[in-house]
*Asks:* 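Have a look at the structure that comes next, please.
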Amino acid sequence: MKKIGIMGGTFNPIHFGHLFLAEYAYDQLGLDMVLFMPSKNPPHKSRNEVLEDEYRAKMVELAISDNPHFQLSTLEMEREGTTYTVDTLRILTKENPHVSYYFLVGADSLFGMSKWKEPGTIFKLSTIVAVGRDQINYEKLEQEAEYLKETYGAKIIVLKMPMIQISSASIRERVLLNQSVRYYLPKNVLDYIKDKELYGIHALREKIRDILGEGRYLHSLGVEEVACDLAYIYGADEMKARIAGILHDSAKKLSDEELKNECIKYDIPISEGEKQCPQLLHSKVGAIYAKTKYGVQDEGILNAISYHTTGRPGMSLLEKIIFTADYIEPNRRPIPQLDEIRKLAYEDLDAAVCMILKSTLEYLTSKNTVIDSLTVETYKYYKDLLKSKTIKNPNN
Ligand code: DGI
Ligand code: FE
Ligand code: FE
């Protein structure tokens with residue numbers, strides 16, 4: 001009997017972790033071949049969230065092109081409707097009755113398998129290879145394997161594999177931030193990613209344009225450009241400034257109700273000021289969206305988005321840059337003292353931050369609007385900071 005491994009996954013994108021695992025299983029289990037089977041985009045995920053099937057399949061094809069015992073299978077991608085593992089195995093075993101299939105799964109997945117559709121049939125039609133990484137609890141894993149063997153007569157092989165710390169998510173973020181992903185994935189895959197501009201800043205801008213509409217989108221582009229200039233001048237990471245600028249208002253279109261619901265869903269505390277003026281929450285929810293919808297893990301970027309409306313005492317350079325760029329970008333409608341603040345932004349960022357806060361507080365007071373205590377605290381912090389700066393340097 002021929003032994004064929006099945007390696008499923010989203011492969012968004014495929015990387016050396018996947019390839020290493022497949023080769024390791026091939027070698028350790030004496031397989032004849034490994035099939036790489038990219039999963040179909042789940043219907044509940046929008047195009048914004050997972051990359052189109054054809055790109056993911058093409059990257060797999062490129063990645064395995066130099067390995068004669070690796071093969072791409074688009075069996076799952078080509079099927080209509082929800083694709084279940086059990087159906088995939090049925091099709092494969094019917095077409096190739098003289099093959100025994102080895103279904104490769106991450107060790108974590110083993111624990112959920114009895115909840116998959118028709119687990120008994122899955123276990124009958126294939127041998128499960130649970131691949132564990134160094135630090136997992138093998139005792140629990142072996143126990144689960146025993147349980148499945150007894151309950152379903154499952155054939156399970158636990159395979160210990162050296163740990164490789166590469167994730168598709170980290171690759172996507174690194175490509176977005178223009179950081180190196182050399183040695184994370186095969187070069188021809190990376191060339192393809194660059195050529196098609198996958199995971200890049202262009203794709204991000206398009207997504208934001210769809211979400212925000214033209215007017216707000218132009219504002220975001222303005223913030224992006226000004227933030228990038230300020231980053232250049234003050235020595236912050238220009239790509240991080242761009243990404244934070246593009247994403248800072250990503251939750252701006254939500255209603256009060258929607259903003260509050262998102263905060264509850266993600267366990268974000270709501271301050272007294274935010275309770276009374278829920279629109280303030282668009283910054284915190286924006287940071288959550290940056291993380292969950294747009295793949296940004298970088299804490300510095302997330303904080304810059306979180307605090308772009310109220311600011312906070314002791315802001316990081318990037319936080320001050322986004323706070324300021326939001327106020328001075330060229331598409332802003334005229335606000336009192338805008339020209340003066342614009343000039344100041346390029347000379348003394350703390351002074352610009354302070355003046356923006358002062359101007360905002362005056363505006364909010366004149367409108368009789370609720371003022372968030374964080375805005376007041378931030379103003380006080382920067383006013384005191386400037387005062388102490390002048391005392392230290394009386395000539396400035
Ligand atoms: O989202 P943008 O319009 O680009 O800019 P933003 O996030 O700075 O939001 C600007 C609005 O937020 C502006 O109308 C002033 C208001 N704002 C800033 N601080 C406070 C505040 N509103 C209230 N109610 N309380 C504040 O402390
Ligand atoms: Fe905003
Ligand atoms: Fe804004």
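As the structure lists them, so they are numbered: ligands from 1, and atoms in each ligand from 1. Quick note: residue numbers are just sequence positions, from 1.
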*Asks:* Using salt bridge (charged side-chain N to carboxylate O under 4.0 Å, His left out), reason through Lys40 and Asp53 one step at a time and then give a plain yes or no.
*Replies:* CA-CA 7 Å; Lys40 206 166 76 151; Asp53 292 353; over 6 Å; no
*Asks:* Would you kindly specify which portion of Thr360 sits under 4.0 Å from ligand 1, judged on non-hydrogen atoms: side chain, backbone, both or neither?
*Replies:* side chain
*Asks:* Which heavy atom in His18 sits nearest to a heavy atom in Ser168, and how many Å separate them?
*Replies:* CE1-OG, 3.7 Å
*Asks:* Is atom 20 (C) of ligand 1 near the protein, in the sense that some protein heavy atom lies at less than 4.0 Å from it?
*Replies:* yes
*Asks:* Does Tyr307 have Arg312 sitting over its ring (NZ/CZ under 6.0 Å from centre, angle to axis within 45°)?
*Replies:* yes
*Asks:* Atom 12 (O) of ligand 1: which of Thr378, Val376, Ile322, Thr309 has the nearest heavy atom?
*Replies:* Thr309
*Asks:* Give the numbers and elements of all ligand 1 atoms closer than 4.0 Å to a heavy atom of Cys277.
*Replies:* 24 (N)
*Asks:* Has ligand 1 got any nitrogen or oxygen that is less than 3.5 angstrom from a nitrogen or oxygen of Thr369?
*Replies:* no
*Asks:* For ligand 1, is there an atom lying under 4.0 Å from some heavy atom of Arg216?
*Replies:* yes
*Asks:* Going by the side-chain hydrogen bond (donor to acceptor under 3.5 Å, both in side chains) test, name the single residue among Thr127, Thr88, Asn96, Thr93 that passes it with Tyr101.
*Replies:* Asn96
*Asks:* Hey, does the Lys NZ or Arg CZ of Lys196 hover above the aromatic six-ring of Tyr55, less than 6.0 Å from the centre and inside 45° of the axis?
*Replies:* no
*Asks:* Would you say Val370 has any N or O atom under 3.5 Å from an N or O of ligand 1, going by distance alone?
*Replies:* yes
*Asks:* In the shown structure, where waters are left out, how many protein N, O or S atoms lie under 2.8 Å from the Fe ion (ligand 3)?
*Replies:* 4
*Asks:* Check ligand 1 against His282 and write out every atom of the ligand that is under 4.0 Å from a heavy-atom position of the residue.
*Replies:* 1 (O), 7 (O)
*Asks:* Taking 4.0 angstrom as the limit and counting only heavy atoms of Ile371, give me the atoms of ligand 1 inside it, by number and element.
*Replies:* 25 (N), 27 (O)
*Asks:* If the cut-off is 4.0 Å to any non-hydrogen atom of His308, which atoms of ligand 1 fall inside it?
*Replies:* 7 (O)
